[in-house]
**Q** 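Submitted below is the structure of interest, expressed as structure tokens.
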Amino acid sequence: MIPAQAWSDARRLWDFHQMRHEARPCSVGVGLGSHDLGVADAAVELYRRGMVPLIVFTGATSRTTRERMPRGEAVHYRERALELGVPRSAVLVEPRARNTGENIRFTRALLERAGVDVASVLLISKPYEERRAYATARRLWPGAEIVCASAPMPFETYVESIGSPRLVIDMLVGALQRLLVYPARGFMISLPVPDDVTEAYERLCRAGFTSRLLPPAGPVA
């Protein structure tokens, strides 16, 4: 059982992590690989709405996705998009990235090799990864306008869709920690974090939602 205070704190982090950008037409959509196939669904919906002419799915595997997506996150995302009717010509795959920084760097290099002129990027992620993805992309792709998007849904609905409240809360805590520590390491730009969000994060850490926290010398973004 998740205590009421932890639910309240997790919901506060959930709300903060979302950028609430209004989707608008961009040069390319970039779907960030993860355990959540809903990212691919969100990318397909944005493609259908005419927001992007091209989608890049990026991601290898992680400890969370190794069994669920054995062919790699980006490959599974692409398969999902094709099942939903997106033409093959509108989907590229970047299958090597293992963290958010590599998602951005490898995708940027892929598009440069393909000769795609990128003025703006519709960055599609899990709802609670929007702010982290935005800060990373602003650092590593400074010449492009970054617009964030994700599947619109309430916190409780998302938790139910994943099926593991603890995993989701641990992920929320891990994403917030990276916003706090990664700017000093040069992995992302610094974004302000309100005091009430920091306090909620600290309470969740004390409550044991720590499986996604970085070790003292953690990996890159």
Side-chain angles (χ1 to χ4, degrees), residues 1-23 30-36 38-39 42 62-64 99-101 103-104 121-142 145-221:
M1 296 292 292
I2 306 297
Q5 182 65 61
W7 275 117
S8 177
D9 289 336
R11 192 177 295 109
R12 189 176 301 277
L13 265 61
W14 169 270
D15 290 341
F16 173 70
H17 281 308
Q18 296 177 60
M19 297 296 293
R20 292 179 175 78
H21 290 167
E22 181 177 353
V30 177
L32 303 180
S34 73
H35 62 89
D36 182 3
V39 175
S62 68
R63 57 177 170 160
T64 308
N99 53 63
T100 309
N103 287 142
I104 302 303
V121 177
L122 190 54
L123 202 55
I124 307 155
S125 67
K126 301 184 296 295
Y128 62 84
E129 290 284 358
E130 284 192 18
R131 194 170 295 269
R132 174 186 174 184
Y134 176 80
T136 305
R138 285 283 309 280
R139 173 68 176 81
L140 299 176
W141 210 336
E145 178 188 6
I146 307 299
V147 181
C148 291
S150 62
M153 65 177 68
F155 173 60
E156 291 79 5
T157 302
Y158 186 83
V159 171
E160 184 177 354
S161 75
I162 297 302
S164 174
R166 178 163 288 275
L167 172 63
V168 174
I169 297 176
D170 282 355
M171 291 284 197
L172 289 167
V173 170
L176 199 286
Q177 183 200 34
R178 286 157 177 78
L179 285 170
L180 295 173
V181 305
Y182 273 178
R185 301 183 189 183
F187 300 151
M188 60 175 62
I189 67 166
S190 179
L191 297 174
V193 180
D195 289 344
D196 62 334
V197 174
T198 302
E199 291 163 2
Y201 159 78
E202 291 172 346
R203 282 192 296 268
L204 288 169
C205 288
R206 292 194 297 269
F209 295 95
T210 57
S211 75
R212 300 293 164 156
L213 291 182
L214 295 166
V220 296

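Only a predicted model underlies this, so the values are computations on that prediction, with no experimental measurement involved. All residue numbers refer to positions in the sequence shown, counting from 1.
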**Q** Of the non-hydrogen atoms in P127 and Q18, which two are nearest, and what is the gap between them?
**A**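 Taking P127 first and Q18 second, the nearest heavy atoms are O-CG, 3.2 Å.
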**Q** State whether E130 and R20 are salt-bridged, where the test is any N-O pair (Lys NZ or Arg NE/NH1/NH2 against Asp/Glu carboxylate O) under 4.0 Å.
**A**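 No, E130 and R20 are not salt-bridged.
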**Q** Which pair of non-hydrogen atoms, one from R178 and one from M188, has the smallest distance, and what is that distance?
**A**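 Looks like O-SD, 3.7 Å.
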**Q** Side chain to side chain contact (heavy atoms under 4.5 Å, CB included) between H17 and L179: does it pass, once the steps are laid out?
**A** CA-CA 10 Å; H17 281 308; L179 285 170; 3.9 Å; yes
**Q** What closest approach, in Å, do S150 and A42 show between heavy atoms, and which atom pair accounts for it?
**A**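 The answer is C-CB, 4.3 Å.
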**Q** Flag the pair T100 / F187 as yes when at least one side-chain heavy-atom distance between them is below 4.5 Å, and no otherwise.
**A**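 A side-chain contact is absent here, since even the closest heavy-atom pair is not under 4.5 Å.
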**Q** Just by modelled atom types, is the G186 backbone N or O under 3.5 Å from a matching donor or acceptor in the R139 side chain?
**A**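 Yes.
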**Q** Nearest 0.5 Å, please: how far is OG1 in T210 from CD1 in I169?
**A**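 The distance works out to 12.5 Å.
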**Q** How far apart are the closest heavy atoms of A6 and I2, and which atoms are they?
**A**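 That closest heavy-atom pairing would be CB-CG2, 3.7 Å.
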**Q** If you round to the nearest 0.5 Å, how far is OG of S211 from CG of L167?
**A**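 It is 7.0 Å, given to the nearest 0.5 Å.
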**Q** Measuring from Y158:OH to L172:CG, what's the distance to the nearest 0.5 Å?
**A**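 Interatomic distance, Y158 OH to L172 CG, rounded to 0.5 Å: 9.0 Å.
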**Q** Begin with the C-alpha distance, continue with both residues' side-chain angles, and end with the deciding distance and a verdict on side chain to side chain contact (heavy atoms under 4.5 Å, CB included) for V193 and L180.
**A** CA-CA 8 Å; V193 180; L180 295 173; 3.9 Å; yes
**Q** Just how far is it from atom CD of Q177 to atom CG of L213, taken to the nearest 0.5 Å?
**A**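 Result: 4.5 Å between the selected atoms.
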**Q** Would you say CD of E156 has more than 12 non-hydrogen atoms from neighbouring residues, nucleotides or ligands within 6.0 angstrom?
**A**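 Check passes, neighbour count above 12.
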**Q** Between C205 and V173, what is the shortest heavy-atom contact and its length?
**A**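 Shortest heavy-atom contact: SG-CG1, 3.8 Å.
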**Q** Here's one to test your reading of the geometry: is the NZ or CZ of R131 within 45 degrees of the ring axis of F16 and under 6.0 Å from its centre?
**A**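 Relative to the ring axis of F16, which defines the angle, R131 lies inside both limits.
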**Q** From T136 OG1 over to L123 CG, what is the distance, rounded to the nearest 0.5 angstrom?
**A**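 T136 OG1 to L123 CG: 8.5 Å, rounded to 0.5 Å.
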**Q** Is a donor on one side and an acceptor on the other found under 3.5 Å between the side chain of S8 and the backbone of A4?
**A**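 It does not hold such a pair.
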**Q** From R185 CZ over to L214 CG, what is the distance, rounded to the nearest 0.5 angstrom?
**A**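 The distance works out to 5.5 Å.
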**Q** For a side chain to side chain contact (heavy atoms under 4.5 Å, CB included) check, start with the C-alpha distance between M171 and T64, then their side-chain angles and the critical distance, and finish with the verdict.
**A** CA-CA 11 Å; M171 291 284 197; T64 308; 4.1 Å; yes
**Q** Among pairs that include at least one residue of residues 196-207, which meet side chain to side chain donor-acceptor pair (under 3.5 Å), considering only residues two or more places apart or in two chains?
**A**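 Listed by first then second residue: D9-R203, R12-D196.
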**Q** Parallel, tilted or perpendicular for Y128 and W14, by the 30°/60° rule?
**A**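 Ring orientation of Y128 relative to W14: tilted.
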**Q** Can you find a pair of side-chain heavy atoms, one from P165 and one from W7, that are under 4.5 Å apart?
**A**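 Counting from C-beta outward, P165 and W7 do come under 4.5 Å.
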**Q** Closest approach of A133 and L32, non-hydrogen atoms and distance?
**A**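 Heavy atoms only, the tightest pair is CB-CD1, 3.6 Å.
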**Q** Side-chain contact test, heavy atoms from C-beta onward, threshold under 4.5 Å: evaluate it for V30 versus N103 and give yes or no.
**A**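 Not in contact.
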